[in-house]
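Note that the structure is predicted; figures quoted are calculated from it, not measured. FYI, the numbering just counts along the sequence from 1.
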Amino acid sequence: MKSLYQEFERERGLKLLKGMSPLYYGGTGGNHFMGSERDFVLKDYKKNFYQPIMLEAIAYFKNNGISWWGGKNPTGHILSSQIACINHLYPIRNDKEAVLGLLRIISPDFVDVLQISTDKQDMGYIQFESVSDYDYLNEGQSTRGSNCTSVDALIYAVHKNGSNWLIPIEWKYTEHYSNMNKADEGCKKDPQNCKGKVRRSRYTDLINGSDQLKGNDHYCYYFEPFYQLMRQTLWAEQMVRNKTNETIKADDYLHVHVIPSENKDLLTKKYKCSNLGMEETWREHLVAQKKYKIISPYDLLSSIVDEGYDDLFTYLNGRYWNGS
């Protein structure tokens, strides 16, 4: 299944690479990916980062035991959403005023941001690949970045009413999804031990007991991207319910979904489970609409120029926003 937006971004990235654009710092494509040399995968993965934060970001992942997507090292894939998230947010993670400015783009209801103390080293105001201290989703031991529900980025904020909130951020770039039903995966061959049955056993009771997820019809929860959104909603909800056990003690949450507005293959596809677009489908399953917000990367980072991040803005604008 091809994505027009993904193809457009791949071709645009390749033109920048072949034109020796400074956005890739002299990097070249041609590294192995999925068994073949790919011109859209950089030979030197370090060139995939915004260079002022490259060494620090790689050290942060190592120091905190966080897994990289696809292997032990960062990927050189120029369309990686994990790398995109880091390139957008890592440069400001230690700047309290910049993070608060970004948060106020999401909602004007927040008055402060707090450092996140569950990072073993390099604590800042944005955390990456966040997990809970304890397993509330029946997934086993929490490992940041792999084999459990995690969020791409997290902000810990103070609401104007004085309560502390989690702001879990799910970051998308060129992602698009098939119509695979994860509740049925592998069940034709092995109905008793299939992946689909394991998933349903993990999440069914949690969905039924959720205050935010409607439990009358679970069908869409097992199709992407709703499967991921469902688990992250349960994660945030359980973090709040179990705040006495958690290091990060939160009274509420706001789930943020960052998606380029140009990615129509994700946003406007008519999904098999609902015959509606992505946002319409997901909102049909939510009780409190204000707990979920979609925003584009460009809109989210629009405040950074005022905070003195001109070089970062130029980099993001050229590499990810197509000169927006």
Side-chain angles (χ1 to χ4, degrees), residues 81 84-85 88-116 118 124-128 130 132 150-172 210-213 225-226 228-241 243 246 248-261 263 266-267 277-307 309 312-313 316 320-321 324:
S81 59
C85 179
H88 280 77
L89 298 182
Y90 199 94
I92 69 168
R93 68 180 292 270
N94 293 311
D95 185 337
K96 184 172 185 175
E97 290 305 313
V99 176
L100 183 56
L102 176 150
L103 185 57
R104 283 174 171 158
I105 295 291
I106 296 170
S107 170
D109 292 338
F110 297 100
V111 297
D112 199 6
V113 291
L114 306 172
Q115 281 193 320
I116 301 175
T118 47
Y125 299 98
I126 301 177
Q127 184 180 76
F128 296 88
S130 302
S132 53
S150 59
V151 295
D152 291 332
L154 182 70
I155 299 173
Y156 189 29
V158 180
H159 193 272
K160 63 184 181 182
N161 65 13
S163 59
N164 292 343
W165 286 50
L166 299 172
I167 315 296
I169 300 171
E170 173 60 19
W171 199 281
K172 298 300 184 189
S210 172
D211 295 325
Q212 172 68 338
L213 299 177
F226 315 112
Q228 193 172 52
L229 293 173
M230 172 268 287
R231 291 182 293 118
Q232 290 179 349
T233 301
L234 292 174
W235 178 85
E237 193 169 54
Q238 290 297 319
M239 285 283 287
V240 171
R241 289 184 181 182
K243 67 179 182 179
E246 289 291 318
I248 305 173
K249 300 186 184 304
D251 305 298
D252 214 330
Y253 67 92
L254 171 60
H255 194 186
V256 177
H257 207 179
V258 180
I259 306 172
S261 56
N263 189 352
L266 177 59
L267 288 167
M278 194 211 79
E279 183 172 4
E280 300 97 311
T281 299
W282 188 235
R283 291 198 178 280
E284 285 284 324
H285 290 77
L286 299 181
V287 174
Q289 298 297 322
K290 290 184 178 180
K291 288 182 181 290
Y292 173 71
K293 182 178 179 65
I294 294 179
I295 190 169
S296 74
Y298 176 80
D299 288 340
L300 181 62
L301 273 293
S302 62
S303 65
I304 64 171
V305 170
D306 294 335
E307 299 293 335
Y309 289 92
L312 175 62
F313 188 91
L316 296 174
Y320 293 106
W321 305 337
S324 300

Inter-residue atom distance Leu286.CG - Leu213.CG, 0.5 Å rounding: 6.5 Å
Side chains of Thr118 and Gln127, donor plus acceptor under 3.5 Å: yes
Side chain Asn164, main chain Ala250, donor-acceptor under 3.5 Å: no
Option passing side chain to side chain contact (heavy atoms under 4.5 Å, CB included) with His257 (candidates Glu279, Lys172, Lys293, Gln232): Lys172
Spacing of Tyr309 atom OH and Leu301 atom CG [to the nearest 0.5 Å]: 11.0 Å
Exercise: identify the closest heavy-atom pair between Gln115 and Tyr156: O-CD2, 4.0 Å
Interatomic distance, Leu166 atom CG to Ser130 atom OG [nearest 0.5 angstrom]: 9.0 Å
Pairwise side-chain contact, Leu266 with Pro225, heavy-atom cut-off 4.5 Å (strictly under): yes
Test side chain to side chain contact (heavy atoms under 4.5 Å, CB included) applied to Met278 and Phe226, step by step: CA-CA 8 Å; Met278 194 211 79; Phe226 315 112; 3.9 Å; yes
Test log, rule side chain to side chain contact (heavy atoms under 4.5 Å, CB included), inputs Leu100 and Val113: CA-CA 6 Å; Leu100 183 56; Val113 291; 4.2 Å; yes
Beyond-backbone contact of Ile248 with Leu154, side-chain heavy atoms, under 4.5 angstrom: yes
Gap separating the CD atom of Gln228 from the OG1 atom of Thr233, nearest 0.5 angstrom: 10.5 Å
Flag, side chain of Lys249 to backbone of Lys243, donor-acceptor distance under 3.5 Å: yes
Minimal non-hydrogen separation, Pro168 against Ala236, with atom names: CG-CB, 4.4 Å
Considering all heavy atoms, the nearest Leu267-Pro260 contact: CD1-O, 3.7 Å
Trace of the side chain to side chain contact (heavy atoms under 4.5 Å, CB included) decision for Tyr298 with Phe313: CA-CA 9 Å; Tyr298 176 80; Phe313 188 91; 4.0 Å; yes
Stepwise side chain to side chain contact (heavy atoms under 4.5 Å, CB included) check, His255 with Leu229: CA-CA 9 Å; His255 194 186; Leu229 293 173; 3.7 Å; yes
Contacts of type ring-ring contact (aromatic ring centres under 6.0 Å, His included), residue Trp171, not counting sequence neighbours: His88
For Arg241, side chain to side chain donor-acceptor pair (under 3.5 Å) partners two or more places apart: Asp211
Interatomic spacing from CG in Leu300 to CD1 in Ile259 - rounded to 0.5 Å: 12.5 Å
For Ser302, side-chain contact (heavy atoms from CB on, under 4.5 Å) partners two or more places apart: Ile105
Aromatic Trp282 / basic Lys291 pairing, under 6.0 angstrom, 45° off normal: no
Minimum-distance pair of heavy atoms, taken over all atoms of Arg104 and Phe110: NE-O, 3.4 Å
Minimum heavy-atom distance between Ile92 and Val99, given as atom pair plus value: O-CG2, 3.2 Å
For Val240 against Tyr253, the heavy-atom pair lying closest together: CG2-CD2, 4.2 Å
From CG (Leu102) to CD1 (Ile295), nearest 0.5 Å: 7.5 Å
